[in-house]
Q: 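Quick one: the structure is below, and I'll ask about it shortly.
All chains are named by letter (A, B, ...) in the order of the sequence lines, taking the proteins before the strands, and each is independently numbered beginning at 1.
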There are 2 protein chains.
Amino acid sequence: MRPETPETPANLAERLAHSGLRNTPQREVVYHALLDRRDHPTADEVYTRVRPEMPSISLATVYNCLETLVQCDLVRQVNFERGPSRYCANLHPHAHFHDEKTGATYDIPLPPEVLAQVRGVLPSGYDAKTVEITFHGQSPTA
Amino acid sequence: MRPETPETPANLAERLAHSGLRNTPQREVVYHALLDRRDHPTADEVYTRVRPEMPSISLATVYNCLETLVQCDLVRQVNFERGPSRYCANLHPHAHFHDEKTGATYDIPLPPEVLAQVRGVLPSGYDAKTVEITFHGQSPTA
DNA sequence: CTAGGTGCAAAAGGTTTGCGGTTAA
DNA sequence: TTAACCGCAAACCTTTTGCACCTAG
């Protein structure tokens with residue numbers, strides 16, 4: 001749903017610099033947490049995962065870092081139900097499948113032609129920067 | 001995205017009864033508010049619109065009524081950004097276009113074949129009850 | 001008579017903000 | 001040196017809950 005770039009830690013500094021922002025240990029640690037376990041954690045979950053490594057970090061800083069990563073297009077913020085926002089470091093075009101029983105979220109790869117079909121439903125004049133597709137239901141192993 | 005039924009006030013009593021629920025003046029008034037102006041209002045906006053007609057209603061009751069309507073499949077609850085949930089009485093298959101500048105939301109009709117294509121990306125085993133498609137960008141007149 | 005519904009006020013999330021102190025260009 | 005950044009705590013906003021009263025079946 002976005003211009004693609006490999007999601008590597010190395011990109012962080014570059015992307016931040018591109019926006020005139022600094023690379024800080026907090027931002028690195030938060031970004032790594034998202035790269036490590038791609039289960040769409042909430043800010044609070046990121047906070048929990050990151051604390052062992054950086055006990056001094058605050059929840060507010062986690063929120064700030066996530067916000068910054070979203071601004072830099074390194075992370076997608078996902079809100080498909082009322083409740084805490086979730087964060088996703090997968091930049092490849094994909095849809096989300098939200099399991100209503102377990103609450104888990106899975107990435108579903110989205111072929112370019114389907115994405116094109118979907119964009120095709122837009123009447124002319126509408127200029128969509130991003131498209132979000134979310135399924136709600138039951139996943140196989142649940 | 002759902003089995004279709006015409007969205008008429010008459011359906012309210014029927015659908016409620018079907019779930020063993022009562023039809024109350026509050027529920028009628030809230031449902032009518034959604035049918036009247038389909039601009040995806042928040043609970044608080046519904047509250048404001050409904051008060052002139054029923055000054056005694058409380059915000060908590062508006063929340064309760066909306067929740068009930070969602071349970072009865074008469075209304076869709078929409079959450080595509082952090083912030084208050086929005087409510088939509090359009091039951092025909094449609095996507096949403098969210099204008100990032102104005103915050104307005106528009107319904108985009110969704111042809112069945114596109115919907116089918118989208119559902120097609122799901123690996124076998126995934127059972128999707130609903131699909132939500134949301135565009136973010138800039139709308140023509142904005 | 002009784003389950004379901006309302007209204008109120010208080011509480012519970014989740015997120016943002018203000019501010020004093022710190023740090024990298 | 002100075003703009004960006006951090007951590008803390010308090011504020012904020014949306015939603016939910018507990019409870020007393022009410023009402024339709």
Q: For A:D39, what residues pass the salt bridge (Lys or Arg N to Asp or Glu O under 4.0 Å) criterion, not counting sequence neighbours?
A: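 Here the qualifying residues are A:R37, A:R49.
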Q: Going by atom types only, do A:Q117 and A:E113 share a side-chain donor-acceptor pair under 3.5 Å?
A: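 There is no such pair (donor and acceptor under 3.5 Å, judged by atom type) between the side chains of A:Q117 and A:E113.
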Q: Run the numbers on B:D99 and B:T105 for side-chain contact (heavy atoms from CB on, under 4.5 Å), then give the verdict.
A: CA-CA 6 Å; B:D99 189 300; B:T105 300; over 6 Å; no
Q: How long is the gap from CG on B:L122 to CD1 on A:I108, to the nearest 0.5 Å?
A: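 Going from CG on B:L122 over to CD1 on A:I108, the span is 5.5 Å.
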Q: Can you tell me which residue pairs pass the salt bridge (Lys or Arg N to Asp or Glu O under 4.0 Å) test with a partner in residues 86-95 of chain A, sequence neighbours excluded?
A: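 As it turns out, the salt bridge (Lys or Arg N to Asp or Glu O under 4.0 Å) pairs with a partner in residues 86-95 of chain A, which skip direct neighbours, are A:E45-A:R86.
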Q: What range of DNA chain C does chain B touch, first nucleotide to last, counting atoms under 4.0 Å from its heavy atoms?
A: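 Nucleotide range in contact with chain B: C:dA3 to C:dT15.
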Q: Taking ring-ring contact (aromatic ring centres under 6.0 Å, His included) as the cut-off, I'd like each qualifying pair that reaches into residues 63-84 of chain B, sequence neighbours left out, listed once.
A: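 As it turns out, the ring-ring contact (aromatic ring centres under 6.0 Å, His included) pairs with a partner in residues 63-84 of chain B, which skip direct neighbours, are B:F80-B:H98.
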Q: Return the set of residues passing salt bridge (Lys or Arg N to Asp or Glu O under 4.0 Å) with B:D44 (not counting sequence neighbours), or none when no residue passes.
A: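 Checked B:D44 against salt bridge (Lys or Arg N to Asp or Glu O under 4.0 Å); zero matches.
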Q: Could you state the atom-to-atom distance from OH of B:Y47 to C1' of D:dT16 in whole Å?
A: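 Distance, rounded to whole Å: 16 Å.
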Q: Looking at residues at least two apart in the chain, or sitting in another chain, which of them share a side chain to side chain donor-acceptor pair (under 3.5 Å) with B:Y47?
A: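 For B:Y47 the side chain to side chain donor-acceptor pair (under 3.5 Å) partners, ignoring immediate neighbours, are B:R51.
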Q: Can you measure B:N64 atom CG to D:dC19 atom P for me and round it to whole angstrom units?
A: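 Rounding to the nearest Å, CG of B:N64 and P of D:dC19 are 16 Å apart.
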Q: State, to the nearest 10°, the angle formed by the axis through the first five base pairs of the helix from C:dC1-D:dG25 to C:dA25-D:dT1 and the axis through its last five.
A: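 Terminal axis comparison yields 30°.
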Q: When you check the phosphate oxygens OP1 and OP2 of D:dC5, does a side-chain N or O of A:R27 lie under 4.0 Å from one of them?
A: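 It does, given that an N or O in the side chain of A:R27 lies less than 4.0 Å from OP1 or OP2 of D:dC5.
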Q: Going by the rule side chain to side chain donor-acceptor pair (under 3.5 Å), which residues pair with A:N64 if we only count those two or more places apart in sequence or in a different chain?
A: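 For A:N64 there are no side chain to side chain donor-acceptor pair (under 3.5 Å) partners, ignoring immediate neighbours.
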Q: Say you draw a straight line from OG of B:S139 to NZ of B:K101; how long is it, rounded to the nearest 0.5 Å?
A: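 Separation between the atoms: 9.5 Å.
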Q: I need the residues from residues 79-87 of chain A with at least one non-hydrogen atom less than 4.0 Å from DNA chain D; give them sorted by number, or say none.
A: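 Residues of residues 79-87 of chain A that come under 4.0 Å of DNA chain D are, in numerical order, A:R82.
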Q: Apply side chain to side chain donor-acceptor pair (under 3.5 Å) to B:T61 and list each qualifying residue two or more places apart in sequence or on a separate chain.
A: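 Testing B:T61 for side chain to side chain donor-acceptor pair (under 3.5 Å), a comparison that skips the adjacent residues, returns B:S58.
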Q: Is there any salt bridge (Lys or Arg N to Asp or Glu O under 4.0 Å) pair reaching into residues 17-30 of chain A, and which pairs are they, with sequence neighbours excluded?
A: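 Residue pairs with at least one partner in residues 17-30 of chain A: there are none.
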Q: How many Å lie between CD on A:Q26 and P on D:dC8, as a whole number?
A: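 My rounded result for the distance is 11 Å.
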Q: Does any residue of residues 52-60 of chain B have a heavy atom under 4.0 Å from DNA chain C, and if so, which ones, in number order?
A: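 Those residues are B:S56, B:I57, B:S58, B:A60.
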Q: For D:dG7, does either OP1 or OP2 sit under 4.0 Å from a side-chain N or O belonging to A:T61?
A: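 Yes, A:T61 has a side-chain N/O under 4.0 Å of OP1/OP2 on D:dG7.
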Q: Verify the neighbour count for atom CD of A:E53: are there more than 12 heavy atoms of other residues, nucleotides or ligands below 6.0 Å?
A: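 No - once you tally the heavy atoms of other residues, nucleotides and ligands closer than 6.0 Å, there are 12 at most.
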Q: Starting at atom CZ of A:R22, determine the distance to atom P of D:dT2, rounded to an integer number of angstrom.
A: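 Roughly 14 Å, once rounded to whole Å.
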